[in-house]
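These notes concern the structure reproduced below.
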Amino acid sequence: MNYKDFYSESIQNAEGFWKEQAKELAWNRFPTEILNTALNGANQWFPDGELNMSYLCIDRHIEAGYGDQVAIYYDSPVTDTKAQITYLQLGVEVSKLAGGLRKLGLQKGDTAIIYMPMIPQAVYAMLACARLGVIHSVVFGGFAPHELAIRIDDCKPKAIITASNGIEVQKIIPYKPFVDEAITLASHKPERVVIFDRKLGVHIPQRDYDVDYDTLVRGSESVSPMQVLSTHPLYILYTSGTTGTPKGIVRDTGGYATALKASMKYVYGVEEGDVYWAASDVGWVVGHSYIVYAPLLNRNTTVLFEGKPIKTPDASTFWRVISEYGVKVMFTAPTAIRAIKKEDPNGLLLKKYDLSCLEYQFLAGERCDVATLEWTQEKLGVPVIDHWWQTESGWPMLANMVGVELQTVKPGSAGFPVFGYDIQIIGEDGNPCGVNEEGYVLAKLPLPPGCLLDVWNNPQRFFSGYLEKFSGYYFSGDGGYKDEEGYVYITGRVDDIINVAGHRLSTAEMEEIVASHSAIAECAVFGIHCDLKGQKPLGLAVLKSGTDISPEDLQKEVIRDVRREIGAVASFKQLLVVNRLPKTRSGKILRKLLRNIADKSEYPIPSTIDDVAIVDEIRQAYISNNIGILKQQAI
């Protein structure tokens with residue numbers, strides 16, 4: 001099997017290709033119709049098929065004799081806790097919790113919010129909802145009450161399932177007060193709040209709507225999986241927003257399961273029984289797809305990790321987990337690798353562990369700079385695969401598909417289009433771009449199974465946001481180009497393009513150059529207002545530990561590098577050294593926030609920010625260096 005033939009078959013004979021992939025699942029009723037189109041323009045895959053996701057992830061494997069296989073390795077360095085959960089144990093926990101939820105009145109078509117940290121009960125809750133046909137919406141644990149309230153009002157859950165607290169390194173974050181405040185703020189009032197007490201000494205305020213998780217499970221009976229249509233929503237996942245109504249991505253069941261199962265084999269090269277680790281959080285799309293559903297569908301052992309790449313206890317944590325559990329394939333974000341690289345630039349901690357089990361290291365979640373990829377590849381000695389996808393797609397759109405044919409890794413590229421995705425680079429005029437010519441990254445319709453079905457309660461937003469700009473195409477919102485060999489390069493969100501004196505320039509390209517400097521651990525380059533040229537680029541950089549270079553010398557060297565690679569037209573003239581960069585809790589650098597702090601007196605602070613205190617740190621750095629509108633406040 002080679003990539004070219006495999007991919008061509010998926011595009012030229014899409015319905016036949018996906019019908020074969022669907023046969024890998026255990027359907028209660030195999031679909032007679034493979035594809036149709038909904039009124040909102042979305043694709044509906046296997047619309048008359050019936051199945052249940054919880055059955056596919058648990059019962060199917062138990063029935064096949066794999067009940068004693070470990071389904072989940074739970075590893076929590078922040079609580080010094082480890083556990084092994086077999087498929088049999090997982091089945092008991094999920095079916096009993098599903099019975100408890102049913103006793104509370106939840107039934108197929110209802111919605112439930114899951115607001116939990118990275119603990120096994122979060123996975124149980126997701127699968128219990130799926131077992132009943134209840135549509136779950138996982139909200140990242142620790143989200144502010146206001147943001148939780150917005151999601152409550154949008155999806156109107158019958159119940160919220162939460163925990164006593166989460167833990168950020170050494171800081172305990174009580175969750176129940178957040179939930180109570182969110183319910184007070186929301187117009188919609190959930191009927192019940194199910195609370196799992198982690199017994200870490202956290203006070204849990206009591207309300208009339210409270211239900212103790214353990215009591216509920218002990219007093220319930222196991223329930224069998226409820227069959228649902230393939231198009232039945234499995235979950236709603238809200239993309240990070242700042243104000244107003246959030247965008248709830250709706251995922252179906254049958255198409256999603258089919259795509260995930262195929263992706264494990266063909267994209268990640270993972271066979272049934274292997275250990276797979278996606279170092280993310282269940283609150284994000286990576287957690288939904290590759291901590292929970294895909295590994296369990298594929299009868300893998302998944303790692304549920306409650307910790308950080310550094311400080312829990314140090315920068316060797318990831319390598320310990322890989323070695324201890326025999327991880328074959330790992331998936332994390334470049335920002336996690338950059339954090340490790342900053343603390344341990346020579347990779348000395350990595351040498352403490354036997355990592356011979358690891359065959360592939362995947363990176364995604366943000367654009368991976370060349371320096372980070374090459375460092376990772378050098379230290380691990382295995383192929384490091386940068387790939388690209390979105391919350392909306394639910395699974396990879398671009399990758400080096402190691403399960404089909406491992407291609408040469410080109411640092412900076414996210415690889416080739418994944419089977420099912422007809423990825424094209426289109427210019428503003430609607431015409432295809434030439435080789436190495438940057439344009440919009442689009443996917444020709446129909447999208448393959450597993451992609452978003454709709455925006456919850458807002459089909460017009462679905463159409464205007466994704467289908468309207470280019471008729472017949474899905475608009476990704478990202479820019480990119482293809483090289484002469486067909487490798488695709490993602491340059492960033494289309495709003496990362498700045499206009500400097502009439503020249504359209506990519507800040508992503510500049511950032512790549514800045515990141516390649518040997519003293520820099522991570523950086524961000526973005527455009528800010530300029531009275532003379534309209535916009536100008538500004539760079540912020542975090543230095544590697546132990547680096548001995550003055551900010552002035554670093555700035556001179558980076559300016560020289562940018563001019564050499566792009567030219568003086570880039571107008572890159574300022575680089576600030578800072579202690580840290582503002583990020584979301586999933587590790588994405590908040591470049592728009594950095595730009596807004598420079599350009600606007602008032603701006604929203606994203607609800608996903610990891611630490612709001614950093615906003616003032618950046619403001620002070622701008623004031624000290626006469627940046628943007630804050631230069632008026634400089635002394």
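Throughout, residue positions are numbered sequentially from 1 according to the sequence presented.
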Less than 3.5 Å apart, any donor N or O on the side chain of [X] or [Y] sitting next to an acceptor on the other?
| X | Y | value |
| --- | --- | --- |
| Ser263 | Tyr290 | yes |
| Thr37 | Gln44 | no |
| Gln424 | Tyr473 | yes |
| Tyr489 | Trp388 | no |
| Gln390 | Tyr474 | yes |
| Tyr256 | Tyr235 | yes |
| Tyr209 | Asp180 | yes |

Any side-chain to backbone donor/acceptor pair from [X] onto [Y]? Under 3.5 Å, distance only.
| X | Y | value |
| --- | --- | --- |
| Asp252 | Leu453 | no |
| Thr258 | Gly254 | yes |
| Ser289 | Val286 | no |
| Thr111 | Lys156 | yes |
| Asn52 | Ser54 | yes |
| Trp277 | Ile291 | no |
| Ser230 | Glu50 | no |
| Asp369 | Ala515 | no |
| Asp422 | Ala443 | no |
| Ser393 | Trp389 | no |

Using a 4.5 Å cut-off on heavy atoms from C-beta on, say whether the side chain of [Y] contacts that of [X].
| X | Y | answer |
| --- | --- | --- |
| Trp456 | Asp454 | no |
| Val179 | Tyr115 | yes |
| Ile72 | Pro120 | no |
| Glu191 | Leu104 | no |
| Val270 | Asn298 | yes |
| Leu398 | Ile490 | yes |
| Tyr481 | Thr491 | yes |
| Leu590 | Leu594 | no |

Point-to-point distance, once rounded to the nearest 0.5 Å, from [atom1] of [X] to [atom2] of [Y]:
| X | Y | atom1 | atom2 | value |
| --- | --- | --- | --- | --- |
| Cys155 | Ile113 | SG | CD1 | 4.0 Å |
| Tyr124 | Ile114 | OH | CD1 | 13.5 Å |
| Lys261 | Tyr266 | NZ | OH | 10.0 Å |
| Met116 | Gln121 | CE | CD | 6.0 Å |
| Asn596 | Ile618 | CG | CD1 | 13.0 Å |
| Glu306 | Ile119 | CD | CD1 | 7.0 Å |

message: Working note: His288 + Met126, criterion side-chain contact (heavy atoms from CB on, under 4.5 Å); need CA distance, chi angles, decisive distance, verdict.
response: CA-CA 9 Å; His288 282 60; Met126 294 170 71; 3.9 Å; yes
Could you tabulate the donor-acceptor pairs under 3.5 Å formed by side-chain atoms of residues 132-144, not counting sequence neighbours?
{"residue": "His136", "atom": "NE2", "partner": "Tyr293", "partner atom": "OH", "Å": "2.8"}
{"residue": "Ser137", "atom": "OG", "partner": "Ile236", "partner atom": "O", "Å": "3.1"}

message: Tell me whether Lys189 at atom NZ has more than 12 heavy atoms from other residues, nucleotides or ligands lying less than 6.0 Å away.
response: yes
message: Using 30° and 60° as the class boundaries, would you call the ring planes of Phe419 and Trp18 parallel, tilted or perpendicular?
response: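 Phe419 vs Trp18 ring planes: tilted.
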Cationic N near anionic O, under 4.0 Å, [X] to [Y]:
| X | Y | result |
| --- | --- | --- |
| Lys176 | Asp210 | yes |
| Arg580 | Glu522 | no |
| Lys469 | Glu428 | yes |
| Arg585 | Glu168 | no |

[X] and [Y]: which non-hydrogen atoms are nearest, and at how many Å?
| X | Y | value |
| --- | --- | --- |
| Arg251 | Thr391 | NH2-O, 2.5 Å |
| Ala279 | Thr332 | O-OG1, 3.7 Å |
| Trp45 | Pro449 | NE1-N, 3.3 Å |
| Pro334 | Thr372 | O-CG2, 4.1 Å |
| Asp48 | Pro31 | OD1-CA, 3.3 Å |
| Thr231 | Pro47 | CG2-CA, 3.9 Å |

- prompt: Lys588 and Thr335: side-chain contact (heavy atoms from CB on, under 4.5 Å), yes or no, with the steps?
  reply: CA-CA 7 Å; Lys588 293 184 179 180; Thr335 189; over 6 Å; no
- request: Determine, step by step, whether Ile614 and Ile609 satisfy the side-chain contact (heavy atoms from CB on, under 4.5 Å) criterion, reporting the C-alpha distance in whole Å, the side-chain angles of both residues, the deciding distance to 0.1 Å, and the verdict.
  value: CA-CA 9 Å; Ile614 197 173; Ile609 193 167; 4.0 Å; yes
- request: From the options Phe463, Tyr440, Tyr466, select the one residue that forms a ring-ring contact (aromatic ring centres under 6.0 Å, His included) with Phe475.
  value: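 That would be Tyr440.
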field: ring-ring contact (aromatic ring centres under 6.0 Å, His included) partner of His387, the single match among Trp395, Tyr421, Phe362
entry: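 Single pass found, and it is Phe362.
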message: Pair Leu538, Val525 - check side-chain contact (heavy atoms from CB on, under 4.5 Å), show working.
response: CA-CA 6 Å; Leu538 173 66; Val525 177; over 6 Å; no
field: Sequence-distant partners of Asp110, salt bridge (charged side-chain N to carboxylate O under 4.0 Å, His left out), two or more places apart
entry: Lys158
